Amino acid sequence: MLTFFLIVLEIIILMGLGIAFLLLGLPLLFTGAPFMPSYRKNRKDVLDGLLVIAKKENVKKIVDIGSGDGRVVIEFARQGFESYGIEFNPLLVWYSRYKIKRENLKNAHIIRGDFWKINLSQYDLVYLFQLNYVNALLTDKFKKELKTGAIIASAGFPMFDFDLIKQEGIFWVYRR
Ligand SMILES: C[S@@+](CC[C@H](N)C(=O)[O-])C[C@H]1O[C@@H](n2cnc3c(N)ncnc32)[C@H](O)[C@@H]1O
């Protein structure tokens with residue numbers, strides 16, 4: 001009986017480690033931050049200031065690069081924006097798509113892939129919550145791909161070499 005219990009415990013621990021690796025370890029192989037949402041579920045008001053800027057700047061199409069569980073993509077879609085997320089973690093892709101389907105949001109889409117390999121020229125606003133060194137590495141990609149006037153909204157960490165429009169709550173908001 002004790003042996004059986006220990007085997008079950010071992011399986012549970014291994015499964016836990018597997019999930020932890022999927023969420024935390026995998027992203028590091030792709031040069032990107034591990035999953036951590038930019039705001040808590042009950043604090044979506046954090047986005048209010050950014051939504052005001054996006055509306056004022058006539059933004060139509062947004063993308064969250066490294067979209068995690070899709071909360072940002074979903075909130076922008078609820079506000080009427082054509083909203084995309086790029087995420088390579090299959091678990092998070094599945095969960096985001098499940099939430100989008102549950103709300104029947106036709107203007108929210110999750111692309112499964114590596115944002116380094118996806119061209120960003122079609123978007124009016126790029127949202128990111130990555131790490132300082134990833135932001136630095138993204139400078140070249142943004143300069144090459146983003147259209148002039150596109151908005152960059154970086155949660156948590158500043159970007160480099162772009163014109164700061166405003167520092168709004170947790171966001172540094174720039175214009176390409
Ligand atoms: C800090 S979380 C941010 C989640 C979400 N954007 C938010 O603000 O709540 C970073 C996300 O980026 C994803 N990620 C990291 N590197 C990536 C890459 N190269 N391509 C696609 N997704 C990536 C991770 O899996 C993780 O979900």
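On a predicted model such as this, the values are computed, not experimentally measured, just so you know. Ligands are counted one by one from 1 in listed order, and the atoms in each one are counted from 1 as well.
Shown in contact with Asp114 at under 4.0 Å from a heavy atom are these atoms of ligand 1, numbered in order with element: 18 (C), 19 (N), 20 (N). The ligand atoms of ligand 1 that sit less than 4.0 angstrom from a heavy atom of Gly113 are 20 (N), 21 (C). The ligand atoms of ligand 1 that sit less than 4.0 angstrom from a heavy atom of Ser38 are 7 (C), 8 (O), 9 (O). Each of the atoms 9 (O) of ligand 1 lies under 4.0 Å from some heavy atom of Pro37. Proximity to Gly68 (heavy-atom distance under 4.0 Å) selects the following atoms of ligand 1: 4 (C), 27 (O). The atoms of ligand 1 that sit less than 4.0 Å from any heavy atom of Gly32 are 15 (C), 16 (N). With ligand atoms numbered from 1 in the order given, ligand 1 contributes 19 (N) to contacts under 4.0 Å with heavy atoms of Trp116. For ligand 1, the atoms closer than 4.0 angstrom to any heavy atom of Asp64 are 5 (C), 6 (N).
Closest heavy-atom approach to atom 23 (C) of ligand 1 within the set Tyr39, Phe88, Phe129, Phe35: this belongs to Phe88. Taking only non-hydrogen atoms, the option from Ala33, Gly85, Gly66, Pro90 nearest to atom 4 (C) of ligand 1 is Gly66.
When heavy-atom distances to ligand 1 are checked against a 4.0 Å cut-off, Ala155 has no atom that comes that close, whether in backbone or side chain. Residue contacts with ligand 1, taken as heavy atom pairs separated by less than 4.0 Å, involve Leu92 solely via side-chain atoms from C-beta onward.
Residue Lys44 qualifies as open at atom NZ: its count of foreign heavy atoms under 6.0 Å is 12 or below.
Under a 3.5 Å cut-off, the side chain of Lys99 and the backbone N or O of Asp69 do form a donor-acceptor pair.
Partner Glu82 forms a side chain to side chain donor-acceptor pair (under 3.5 Å) with one of Lys60, Lys106, His109 and no other, that one being His109.
Residue contacts with ligand 1 include Tyr127, since one or more of its heavy atoms lies under 4.0 Å from the ligand. Heavy atoms of Pro34 approach ligand 1 to within less than 4.0 angstrom. Residue Gly156 places every heavy atom at 4.0 Å or more from ligand 1.
Using a 4.5 Å heavy-atom threshold, the side chains of Arg112 and Glu87 count as separate.
At under 3.5 Å, a nitrogen or oxygen of Gln130, whether backbone or side chain, sits near a nitrogen or oxygen of ligand 1.
Taking the six-membered ring for Trp and thresholds of 30 and 60 degrees, Phe142 and Phe162 have ring planes inclined between 30 and 60 degrees apart. Between Phe129 and Phe157, the two ring planes are parallel [angle under 30°; tilted spans 30° to 60°].
Ion pairing of Arg176 with Asp163 is absent here, as no side-chain N (NZ or NE/NH1/NH2) approaches a carboxylate O to less than 4.0 Å.
Across every non-hydrogen atom of Met159 and Asn135, the tightest pair is CE-O, 3.4 Å. Scanning both residues, Ile86 and Gly113, for their nearest heavy atoms gives CG2-O, 3.6 Å.
Side-chain atoms of Tyr127 and Ser154 include no donor-acceptor pair closer than 3.5 Å.
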